Trainee: 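Can you keep this structure in mind? I'll have questions shortly.
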Amino acid sequence: MKEKKIRHVAIIMDGNGRWAERHGLPKTEGHRRGANQVSVILEAAQEAGIEFLTLYAFSTENWKRSAQEVSALMRLMEKFLDEKIPELMEKNVRLRAIGRLDDLPVNVRSKLFRAIEATRENSAGTLIFALSYGGRAEIVDGVNRYLEEAWKSGRKPAKLTEESFRNCLYAPDVPDPELMIRTSGELRISNFLLWQLSYSEFYVTDTLWPDFGREEFFAALESFEKRERRFGGRLK
Ligand code: FPP
């Protein structure tokens, strides 16, 4: 069976550092340009009728970067949250976040929750930031939450199935991405949405994230539409 409709696109926004290096600019300038691209791609996704756009904005591993780079990324996130709520409201887009949000600096966390709250009723699309996110952390956190709930209620935890495990994810109601885009050429999954990407198609481009524009986003969607998805079965 061919399934062509795309509801959910997930993106690993890589290459900000290389972009800055190639332009003889500081790394933080690459991140700033990268943050600007978020609005461009959000708009293109909405135009294409994509319901969910998940962006890998900060991984659990990114905490290992220099304190200066981490704080520059946190400041950019804060700036985005300060400035973009009106844009999200105007576009009727809901903001959500997945990851170990408790690890974020308190000012980022409070602005994030405020934006999530302000956009909660918006219904023309959902932008999901993966923040302090790791796929393994998500699985471990989910199982621990499940065990803790069982323990608190005094019952023996029921055996998990693939279906019931979905409730352990950070956003169980969000459908798995049909398409995962990775910029800047690396052929790795980098701990992104490990459970959810099981059957996703991948589009990897050498374009660096600050240069990844709407034309290439549409090209990625078109390349997806040309593929045959078999989900492990056979096409007759
Ligand atoms: C990879 O570039 C990108 C990140 C570390 C995360 C993505 C962050 C942004 C796009 C900017 C902030 C986003 C928002 C929404 C405010 P890299 O530094 O790993 O690139 P490199 O591999 O070329 O060094």
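In listed order, ligands and their atoms are each counted from 1. If you're wondering where the values come from, they're calculated on a predicted model, not measured in any experiment. Positions are given from 1, in the same order as the sequence printed here.
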Trainee: Given Met74, Arg65, Arg22, which one has a non-hydrogen atom that is nearest to atom 5 (C) of ligand 1?
Mentor: Arg65

Trainee: Out of Gly185, Ala35, Gly30, who gets a non-hydrogen atom closest to atom 12 (C) of ligand 1?
Mentor: Ala35

Trainee: Which heavy atom of the protein is the closest neighbour of atom 11 (C) of ligand 1, given with residue, atom name and distance?
Mentor: His31 O, 3.5 Å

Trainee: Going by atom types only, do Glu87 and Ser39 share a side-chain donor-acceptor pair under 3.5 Å?
Mentor: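 Judged by distance alone, the side chains do pair up.
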
Trainee: Quick check: Gly15 and ligand 1, any N/O pair under 3.5 Å apart?
Mentor: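 Yes, there is a polar N/O contact under 3.5 Å.
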
Trainee: When you measure from atom 22 (O) of ligand 1 to every protein heavy atom, which one gives the shortest distance, and what is it?
Mentor: Arg18 NH2, 2.8 Å

Trainee: Using a 3.5 Å cut-off on N or O atoms only, is Asp14 in polar contact with ligand 1?
Mentor: yes

Trainee: Between the side chains of Ser223 and Arg227, is a donor N or O closer than 3.5 angstrom to an acceptor N or O?
Mentor: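 A pair is found: one side chain offers a donor N or O, the other an acceptor, under 3.5 Å apart.
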
Trainee: Is a salt bridge present between Arg18 and Glu186, judged by a nitrogen-to-oxygen distance below 4.0 Å?
Mentor: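 Judged by the 4.0 Å cut-off on N to carboxylate O distance, Arg18 and Glu186 do form a salt bridge.
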
Trainee: I'd like to know whether ligand 1 has Phe58 as a neighbour, heavy-atom separation below 4.0 Å.
Mentor: no

Trainee: Of the non-hydrogen atoms in Thr119 and Leu95, which two are nearest, and what is the gap between them?
Mentor: OG1-N, 2.9 Å

Trainee: Taking it one step at a time, do Phe80 and Phe129 satisfy ring-ring contact (aromatic ring centres under 6.0 Å, His included)?
Mentor: CA-CA 11 Å; Phe80 182 96; Phe129 278 143; 5.2 Å; yes

Trainee: Below 4.0 Å from ligand 1: does a non-hydrogen atom of Glu186 turn up there or not?
Mentor: no

Trainee: Please walk me through it: do Tyr203 and Glu216 pass side-chain hydrogen bond (donor to acceptor under 3.5 Å, both in side chains)?
Mentor: CA-CA 11 Å; Tyr203 176 91; Glu216 193 165 4; 3.1 Å; yes

Trainee: Strictly under 4.0 Å, does any heavy atom of Ser184 approach an atom of ligand 1?
Mentor: no

Trainee: Which residues pass the ring pair (Phe, Tyr, Trp, His ring centres under 6.0 Å) test with Phe218, sequence neighbours left out?
Mentor: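 Once residues adjacent in sequence are excluded, Phe218 has no partner under the ring pair (Phe, Tyr, Trp, His ring centres under 6.0 Å) criterion.
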
Trainee: Considering distance alone, does some N or O of Asn16 sit under 3.5 Å from an N or O of ligand 1?
Mentor: yes

Trainee: Give me the nearest non-hydrogen protein atom to atom 7 (C) of ligand 1 as residue plus atom name, then the distance to 0.1 Å.
Mentor: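 Protein heavy atom at minimum distance: Ala57 O, 3.6 Å.
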
Trainee: Are there more than 12 heavy atoms of other residues, nucleotides or ligands under 6.0 Å from atom CH2 of Trp151?
Mentor: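 Counting other residues, nucleotides and ligands, CH2 of Trp151 stays at 12 neighbours or fewer.
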
Trainee: Report yes if Lys27 has an N/O atom closer than 3.5 Å to an N/O atom of ligand 1; otherwise report no.
Mentor: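 Not met; the criterion fails.
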
Trainee: On a heavy-atom basis, I'd like to know which of Ala20, Pro210, Ser190, Gly17 is closest to atom 20 (O) of ligand 1.
Mentor: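 Minimum heavy-atom distance to atom 20 (O) of ligand 1 goes to Gly17.
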
Trainee: Would Trp19 count as a contact of ligand 1 if the rule is a heavy atom under 4.0 Å away?
Mentor: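 No, Trp19 has no heavy atom closer than 4.0 Å to ligand 1.
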
Trainee: What do you reckon, does Leu73 have a nitrogen or oxygen under 3.5 Å from a nitrogen or oxygen of ligand 1?
Mentor: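 No, since none of the N or O atoms of Leu73 sits under 3.5 Å from an N or O of ligand 1.
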
